[in-house]
Colleague: 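Structure below; questions to follow.
Lettering of chains follows the sequences in order, A, B, ..., and the numbering in each one begins at 1.
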Number of protein chains: 2
Amino acid sequence: MGISKTEHYSNKHNEIAVLLKAVAHPARVAILEHILKVNACICNDIVNELPLAQPTISQHLKELKNAGIIIGSVEGNSICYCVNEKAIAKLLKLFEGYSGKIEKNKNKCC
Amino acid sequence: MGISKTEHYSNKHNEIAVLLKAVAHPARVAILEHILKVNACICNDIVNELPLAQPTISQHLKELKNAGIIIGSVEGNSICYCVNEKAIAKLLKLFEGYSGKIEKNKNKCC
DNA sequence: TATCTATATTGCAATATTACAATTATAAAA
DNA sequence: TTTTATAATTGTAATATTGCAATATAGATA
């Protein structure tokens, strides 16, 4: 991304950005929604759903996992990926907070 | 970003990714929260708040504006930036939807 | 008009992301 | 043990992002 000045921002803002960045890609949005839909997902399943090669999807899954958006548990030969409730709750609360602030300040500007 | 295959994903997933990507940077999270806090923002105000040069902030504001996260209206010499209620509402609904799906499927997996 | 003030644009260097082919690792099945 | 199936890792090319210095633009004010 270029010379990112992570250390200059607050921890809070960095953490929010990491979570959001993990979801901020059409392939990862699709993966997330697919996992939510079938609710017992294995990687190969997604390979058949998306127009991406297996290594690419594996990489996207890794990023979602690193950010804590999904959790993977080994299940015999394959891996079961599930969405991390806490991460989604965190993002939900974030936008609830933003939304609330907009309501509160309505008609003060613009 | 590399060879992005935007045309292979659904419009819905692309639109979500564009919105999220706009916010998915610590500087832009900080800018967004600052605008919400002071609720009548001018760019120079942010330059004094963040450890970034004026052109860099101007660029971040442009990205937020292009994605529809904020709206800018000229006010004499300076510009008044406000958060776009609709964009935040869209993101709020998105995560409400995700959160709901997790609740529904609880204990089926992982 | 000349000048100041606020913001945008341009151009560029440094770095990050995306995607995939080839390969590897691991566990189940034969 | 060999084979098969599933998923991760490695290496690399193409492209996007970030940040800033220098410059430009536009409105306000003297």
Colleague: What is the separation between atom CD1 on A:I57 and atom P on D:dT9, rounded to the nearest whole Å?
Modeller: 16 Å
Colleague: Could you tell me the separation between the OH atom of B:Y81 and the P atom of C:dA8, rounded to a whole number of Å?
Modeller: 4 Å
Colleague: Under 3.5 Å, is there a donor-acceptor pair between the side chain of B:N84 and the main chain of B:I71?
Modeller: no
Colleague: Among D:dG19, C:dT9, C:dT7, which nucleotide sits nearest the side chain of B:H25?
Modeller: D:dG19
Colleague: Could you label the plane-to-plane angle of the A:Y9 and B:H25 rings as parallel, tilted or perpendicular, counting under 30° as parallel and over 60° as perpendicular?
Modeller: perpendicular
Colleague: Can you identify which nucleotide, out of C:dT7, C:dT17, C:dT9, has its nearest atom closest to the A:K21 side chain?
Modeller: C:dT17
Colleague: Among the candidates C:dA8, C:dG11, C:dC20, find the nucleotide nearest to the side-chain atoms of B:Q59.
Modeller: C:dG11
Colleague: Does a side-chain heavy-atom distance below 4.5 Å link A:L52 with A:V47?
Modeller: no
Colleague: To the side chain of B:Y9, which of C:dA19, C:dT7, C:dA8 is closest?
Modeller: C:dA19
Colleague: Among B:T56, B:I69, B:I31, which residue satisfies the side-chain contact (heavy atoms from CB on, under 4.5 Å) criterion with B:L61?
Modeller: B:I31
Colleague: Find out if a path of hydrophobic residues (ILVMFWY) with successive side-chain heavy-atom gaps under 4.5 Å connects A:I79 to A:V83.
Modeller: yes
Colleague: Could you tell me whether A:T56 contacts a base, only the sugar-phosphate backbone, or nothing, with contacts defined as non-hydrogen atoms closer than 4.0 Å?
Modeller: base
Colleague: Tell me the interatomic distance from B:H60, atom NE2, to D:dC20, atom P, rounded to whole angstroms.
Modeller: 8 Å
Colleague: How many Å lie between CG on B:L50 and P on D:dG19, as a whole number?
Modeller: 10 Å
Colleague: May I have the distance from A:K62 (atom NZ) to C:dT18 (atom P), rounded to whole angstrom?
Modeller: 13 Å
Colleague: Rounded to whole Å, please give me the gap between CG in A:L64 and C1' in D:dA8.
Modeller: 15 Å
Colleague: Round to the nearest Å and state the distance from B:N44 atom CG to C:dA6 atom P.
Modeller: 5 Å
Colleague: Roughly, in whole Å, what's the span from CG in A:L52 to C1' in D:dA7?
Modeller: 15 Å
Colleague: Less than 4.0 Å between a side-chain N and a carboxylate O, is that true for B:K101 and A:E33?
Modeller: no
Colleague: For the atom pair CD1 (A:I70) and CD1 (A:I88), what is the distance rounded to the nearest 0.5 Å?
Modeller: 10.5 Å
Colleague: Nearest to the side chain of B:S58, which nucleotide is it out of D:dA7, D:dC20, C:dT9?
Modeller: C:dT9
Colleague: Determine, for nucleotides 23-30 of chain C in 5'-to-3' order, which nucleotides have protein heavy atoms under 4.0 Å from the base (write B), from only the sugar-phosphate (write S), or from neither (write -).
Modeller: ----SS--
